[in-house]
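Atoms within a ligand are numbered from 1 in the order they appear, just like the ligands themselves. Every heavy atom of this structure was used, including side-chain atoms; hydrogens, water molecules and symmetry mates were not. The residues of the chain are indexed from 1 along the displayed sequence. Everything numeric here is computed off the predicted structure, so don't read it as measured data.
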Amino acid sequence: MSNGVVTNGVSSHAQTPSQRYLSTRGGDSGLSFEEVVLKGLASDGGLYIPEAIPEATQWQSWKDLSFVDLAFNVLSLYISPSEIPAEDLKDLIRRSYATFRAEDITPLVHLQDSIHLLELFHGPTFAFKDVALQFLGNLFEYFLVRRNEGKTGRDRYHLTVVGATSGDTGSAAIYGLRGKKDVSVFMLHPKGRVSPIQELQMTTVLDPNVHNLAVTGNFDNCQDIVKALFADPDINSTLKLGAVNSINWARILAQTVYYFYSYFSLARQQPESFKIGDKVRFSVPSGNFGDILAGYFAHRMGLPVDKFVIATNENDILDRFWKTGKYEKKPTYGPSAEGGLAADGVKAHEDGVKETLSPAMDILVSSNFERLLWFLAYEFASSAGMDDEWNKKQAGQEVSAWLSDLKTKGGFGPVYQDVLEAARRTFESERVSDQETLDTIQSLYKEVGYVLDPHTAVGVEAARRSVRRVVESGMPMVPHISLSTAHPAKFAGAVTLALKDEEGFEFNSKVLPPEFVGLDQKEKRVKDVPNEWQAVRDLVKAEVEEELKGAR
Ligand SMILES: Cc1ncc(COP(=O)(O)O)c(C=O)c1O
Ligand SMILES: N[C@@H](CCOP(=O)(O)O)C(=O)O
């Protein structure tokens with residue numbers, strides 16, 4: 001297979017070289033895929049991105065491939081056979097998706113009019129995270145087996161995964177890593193702020209290498225603790241920290257596959273009206289910005305996309321950025337700014353996070369946005385007509401300055417108008433309130449009998465608004481693919497609230513999968529921890545030590 005490579009500016013058609021990665025803050029470059037997967041976060045605090053986005057020159061010919069074969073083709077553009085031989089990569093992918101309940105892994109279903117739903121919840125933990133985390137679990141195992149061949153005791157490379165979750169990443173990571181040799185996994189969730197099913201999915205896994213920590217705080221506090229651990233050179237090198245959040249490049253990479261797959265599914269389902277080469281819109285319920293960023297990569301690789309619609313709940317930092325060019329933790333624009341944080345009647349915490357009906361998106365700061373910022377800054381720098389090295393350096397410096405302001409001043413911007421316009425060319429944004437979320441769940445149930453989870457409902461409402469905008473513009477309609485990121489059974493509270501008065505609706509018979517029945521009767525293991533990274537560090541150190549004693 002011959003593939004062109006776009007070094008963000010210049011395109012060549014050489015055989016794919018081994019892909020190299022750099023940090024968004026300019027401190028690291030030239031790293032291999034294996035290095036960035038195992039390191040997770042760069043030492044300068046930045047996120048890894050490929051030095052070149054490969055162009056999928058043959059993408060049209062992938063139309064009839066199975067999910068697994070398509071994944072192999074997409075991933076091969078980023079992972080050269082010298083890093084993972086083709087047969088091994090194929091086997092990793094095959095095993096990762098053998099755990100899914102749906103034959104075509106991520107089915108596309110027609111919802112209504114020009115809106116289609118991409119069901120991403122057919123993996124072991126019923127959320128889109130499984131698509132990447134089943135793969136990442138196997139990838140970690142693959143690298144560790146290879147590194148540890150012939151080694152014993154303390155010479156073995158033992159990976160300590162630390163992750164933050166607002167509910168879904170936690171269980172998906174735990175299911176991807178439970179019982180795996182040479183890996184310990186510590187998942188931090190905000191105590192009392194994940195749904196009961198999400199909490200049970202995590203805490204009922206009793207494998208010795210799985211550690212659940214309930215943090216007194218919000219998701220951002222959990223994410224900050226994880227980043228502080230990575231920034232501590234001592235614990236990072238002695239415990240060999242690894243990441244399962246979407247800061248890990250492998251997460252994003254694995255998620256690009258379903259953007260291609262859903263596009264081809266649409267072409268197969270609507271051969272008369274949708275041709276390969278036509279454009280689609282994707283509406284993506286967004287929090288940490290990882291899922292939609294995967295779509296951005298698919299688009300940069302060649303997938304024809306008209307727009308990505310960022311759908312946020314009332315934690316709307318992303319929506320406010322697209323409206324104002326300012327990225328601020330504390331709202332100074334829109335409904336949240338007027339009348340204080342609880343303007344919409346939603347419970348708002350002192351820290352600024354609102355407790356919404358789509359809790360997995362109750363995020364103040366979207367960590368992956370940094371990756372997009374790099375590309376925007378790079379594009380802006382490129383207009384100066386300097387060489388590629390200079391453009392990359394400028395982008396790293398710009399991102400570092402923005403992120404430093406975010407840390408010290410709580411925000412940055414407005415960004416340059418050219419940067420904002422570039423962001424608006426590819427993305428639109430929508431903010432969906434809790435009431436609108438409930439209304440959407442209700443109306444889709446009434447109109448087509450489909451039960452949406454609240455996160456998916458945020459995306460569907462944003463897709464509906466986008467459809468209306470296209471109609472109003474007088475342009476020909478573009479099919480919309482709205483990402484369905486979780487199974488409704490994970491969010492019984494919101495779904496029941498929306499549908500309790502609907503005739504014939506009964507949660508247990510209509511929604512609850514057998515896998516969730518009896519979860520609440522199982523034994524649980526979880527430790528409470530304060531919102532202090534040093535306390536978490538000490539606990540992680542002690543528990544890894546215990547685990548290693550038991551294992552060796
Ligand atoms: C169900 C669900 N939908 C949407 C999101 C938002 O995705 P992202 O954080 O990649 O933007 C999450 C959490 O990440 C989630 O768990
Ligand atoms: N919604 C997420 C939050 C973490 O996001 P990630 O994609 O960066 O892992 C969750 O469910 O945990």
Q | Closest approach of any protein heavy atom to atom 12 (O) of ligand 2, naming residue and atom | A | Thr165 OG1, 2.6 Å

(Q) Tell me if the centroids of the rings in Trp249 and Tyr48 come within less than 6.0 Å of each other. (A) no

Q: Number the atoms of ligand 2 from 1 as they appear, then name those within less than 4.0 Å of a heavy atom of Phe219, with their elements.
A: 3 (C), 4 (C)

Q. Between Tyr296 and Trp374, does the ring centroid distance fall short of 6.0 Å?
A. no

Q. Measuring from the heavy atoms of Met361, does anything fall under 4.0 Å of ligand 2?
A. no

Q) Is a side-chain donor-acceptor pair under 3.5 Å present for Asp362 with Thr356? A) yes

Q) By number and element, which atoms of ligand 2 are closer than 4.0 Å to a non-hydrogen atom of Asn288? A) 4 (C), 5 (O), 6 (P), 8 (O)

Q. Is there side-chain contact between Val365 and Lys329, with at least one heavy-atom pair below 4.5 Å?
A. yes

(Q) How far is atom 8 (O) of ligand 2 from the closest protein heavy atom, and which atom is that? (A) Ser246 OG, 2.5 Å

Q) Would you call Phe308 and Thr426 a side-chain contact if the rule is heavy atoms closer than 4.5 Å? A) yes

Q. So, Thr169 versus Lys129: side-chain donor-acceptor pair below 3.5 Å or not?
A. yes

Q: Could you pull out the closest heavy-atom pair between Gly290 and Asn368, with the gap in Å?
A: CA-ND2, 3.5 Å

Q. Around ligand 1, what residues show up once you keep those with a heavy atom under 4.0 Å from it?
A. Phe128, Lys129, Asp168, Pro285, Ser286, Gly287, Asn288, Phe289, Gly290, Asp291, Ala360, Met361, His455, Thr485, Ala486

(Q) With salt bridge (Lys or Arg N to Asp or Glu O under 4.0 Å) as the test, pick out the partner of Glu430 among Arg469, Lys323, Lys307. (A) Arg469

(Q) Whether the side chain of Ser286 engages the backbone of Phe289 through a donor-acceptor N/O pair (distance < 3.5 Å, no angle test) should be reported. (A) no

Q: Pull out every atom of ligand 2 sitting under 4.0 Å from any heavy atom of Gly167, numbered as shown with elements.
A: 10 (C), 11 (O), 12 (O)

Q. Salt bridge check: are Lys490 and Asp453 linked by an N-O gap of less than 4.0 Å?
A. no

Q. Has Gly290 got any heavy atom lying under 4.0 angstrom from an atom of ligand 2?
A. no

Q: Please state which part of Lys129 comes within less than 4.0 Å of ligand 2, counting heavy atoms only: side chain, backbone, both or neither.
A: side chain

Q. If you measure from each heavy atom of Ser166 to ligand 2, is any distance below 4.0 Å?
A. yes

Q.
Looking only at side-chain N and O atoms, does Thr203 offer a donor or acceptor that is under 3.5 Å from a partner on Asn212?
A. no

Q. Does ligand 2 have any atom sitting under 4.0 Å from a heavy atom of Arg251?
A. yes

Q: Examine Ala360 against ligand 2 and note whether any of their N/O atoms are separated by less than 3.5 Å.
A: yes

Q. In chain order, what residues pass the ring pair (Phe, Tyr, Trp, His ring centres under 6.0 Å) check against Trp533, with sequence neighbours excluded?
A. none

Q.
As an exercise, identify every atom of ligand 2 less than 4.0 angstrom from a heavy atom of Asp168.
A. 10 (C), 11 (O), 12 (O)

